[in-house]
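Along the sequence shown, the residues carry numbers beginning at 1.
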Amino acid sequence: MNGVPLSQREVVAIDFETTGSAPGVLNVPWQIGLVVISQGRVDMARSFCSYLHVSQDHAFNPYTPGRWAQLRQILDESPTLPELWPQLREFLAGRPLVAHHAPTERTLLAQEFPMQAFGPWIDTLAVARQAYPAQRDFKLENLIPKLGMGAIQQERCPGLAPHDAFYDAVACATLLETVLAAPGWHELTLEQFSSLA
């Protein structure tokens, strides 16, 4: 597949929300969001989101963003990532993966599925720094509205907000979709995108 533009391939955007670092406990995911980008376009019909099991006695960093504090009972009763693997496999196995600051998602997948190999990876944080060098703030929640993608993001994720895993996965995918449509980016290959990380 070398030499094939990324705009002609299928990749999957992924986001985790996590408990954050706290003394003596692991930083573990409490929500996962996934969405397919096919032929350069976000395919909302091919997406997945789930809360993930975090026991009620597992400490969160109190500064961790998101709605986790309202969801402790739901999270305690939610499935683990390995339990979701039959559903996740079609999105993650053998697919190029996309994330905003990809080391976070890459580390969490390796932690949860140590026998699996994931990627190659595209980091939209690195992509955005190259595509929009005049920007000063590359946080996804700020970049999307500043670059004029806020309306389509709200249309795709009504009622959701940043630091929801599905919202952030779709925002990451929307950012990549926009870059792929820009002059000079449409013909770049997966290997060229991956090398930006």
Side-chain angles (χ1 to χ4, degrees), residues 1-18 29 32-49 88-153 155-157 162 165-197:
M1 294 295 285
N2 285 352
V4 177
L6 185 68
S7 58
Q8 296 177 23
R9 299 188 62 167
E10 194 165 273
V11 298
V12 176
I14 178 171
D15 185 78
F16 284 113
E17 295 302 313
T18 72
I32 184 173
L34 301 160
V35 64
V36 172
I37 307 151
S38 182
Q39 304 294 309
R41 300 302 304 270
V42 176
D43 185 352
M44 294 298 294
R46 298 166 67 197
S47 60
F48 179 84
C49 183
L88 298 176
R89 181 189 292 114
E90 67 176 285
F91 290 95
L92 300 179
R95 300 279 194 101
L97 300 177
V98 183
H100 200 75
H101 189 62
T104 300
E105 278 65 32
R106 188 167 51 224
T107 298
L108 289 166
L109 283 178
Q111 177 181 297
E112 295 289 333
F113 301 106
M115 302 304 291
Q116 296 285 338
F118 296 101
W121 288 84
I122 297 167
D123 190 337
T124 53
L125 176 58
V127 172
R129 285 176 171 154
Q130 293 288 326
Y132 305 106
Q135 294 296 319
R136 292 175 179 259
D137 183 351
F138 291 94
K139 289 183 180 177
L140 193 58
E141 64 196 275
N142 299 328
L143 199 56
I144 290 293
K146 282 184 180 177
L147 296 175
M149 305 171 203
I152 191 168
Q153 179 65 16
E155 180 183 320
R156 288 172 170 171
C157 298
F166 186 67
Y167 181 98
D168 287 350
V170 172
C172 172
T174 298
L175 175 58
L176 182 60
E177 176 186 64
T178 303
V179 170
L180 285 172
W185 290 89
H186 189 73
E187 296 303 319
L188 294 188
T189 64
L190 168 62
E191 293 74 22
Q192 288 171 308
F193 272 95
S194 294
S195 72
L196 298 176

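Once rounded to the nearest 0.5 Å, the distance linking CE of M44 with SG of C157 reads 4.5 Å. With rounding to the nearest 0.5 angstrom, the OG1 atom of T124 is 6.0 Å from the CG atom of L140. Taken to the nearest 0.5 Å, the CG atom of D43 stands 10.0 Å off from the CD1 atom of I37. Separation of atoms CD (E187) and CG (L6) is listed at 11.0 Å; rounding is to 0.5 Å. We find the CD1-CG distance between I122 and L125 to be 13.5 Å, quoted to the nearest 0.5 Å. Distance NE2/H100 to CG/L176: 11.5 Å, rounded to 0.5 Å.
Taking the ring axis of F138 as reference, the NZ or CZ atom of R129 stays within 45° of it and closer than 6.0 Å to the ring centre.
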* To do: Give the C-alpha distance, both sets of side-chain angles, the deciding distance and a yes or no for side chain to side chain contact (heavy atoms under 4.5 Å, CB included) between I32 and I14.
  => CA-CA 7 Å; I32 184 173; I14 178 171; 4.2 Å; yes
* Chi angles and distances behind the side chain to side chain contact (heavy atoms under 4.5 Å, CB included) call for C172, V98 -> CA-CA 8 Å; C172 172; V98 183; 3.6 Å; yes
* To do: Step by step, work out the side chain to side chain contact (heavy atoms under 4.5 Å, CB included) result for R9 and L190.
  => CA-CA 8 Å; R9 299 188 62 167; L190 168 62; 3.3 Å; yes
* **Stepwise side chain to side chain contact (heavy atoms under 4.5 Å, CB included) check, Q135 with L147** => CA-CA 9 Å; Q135 294 296 319; L147 296 175; 3.7 Å; yes
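Inter-residue side-chain proximity for D168 and P162 is flagged as met; some heavy-atom pair is nearer than 4.5 Å. By the 4.5 Å heavy-atom criterion applied to side chains, T174 and R156 are counted as neighbours. Between F113 and F118 the shortest side-chain heavy-atom distance falls below 4.5 Å.
Contact between F91 and V12 at its shortest, heavy atoms only, is O-CG2, 3.2 Å. In terms of heavy atoms, L180 sits closest to G40 at CD1-CA, 3.9 Å. Between E177 and I152, the closest heavy-atom pair is OE1-CD1, 4.5 Å. Between Y132 and T178, the shortest heavy-atom distance links the atoms OH-CG2, 3.7 Å. Looking at every heavy atom in both residues, L175 comes nearest to A128 through CD2-CB, 4.2 Å. Of all non-hydrogen atoms in V35 and A169, the two that sit nearest each other are CG1-O, 3.8 Å.
Judged by distance alone, with hydrogens and angles left aside, the side-chain atoms of E105 form a donor-acceptor pair with the main-chain N or O of F16 at under 3.5 Å. Without hydrogens or angle criteria, Q8 side chain to Q39 main chain gives no donor-acceptor distance under 3.5 Å. Of the possible polar contacts, one joining the T189 side chain to the Q192 backbone as a donor-acceptor pair under 3.5 Å is found. Judged purely by atom type and a 3.5 angstrom limit, D123 uses its side chain to pair as donor or acceptor with the backbone of A102. Judged by distance alone, the side chain of S194 and the main-chain N or O of P120 form no donor-acceptor pair under 3.5 Å. A donor-acceptor pair under 3.5 Å links the side-chain atoms of S7 to the main chain of H186, judged by distance alone. Between the side chain of H101 and the backbone N or O of A126, no donor-acceptor pair lies under 3.5 Å.
The pair R46-E90 does not meet the salt-bridge criterion, since no charged nitrogen lies less than 4.0 angstrom from a carboxylate oxygen.
Annotation for R89: atom CZ counts as buried by contact number, over 12 foreign heavy atoms lying within 6.0 Å. K146 NZ: more than 12 foreign heavy atoms inside a 6.0 Å radius.
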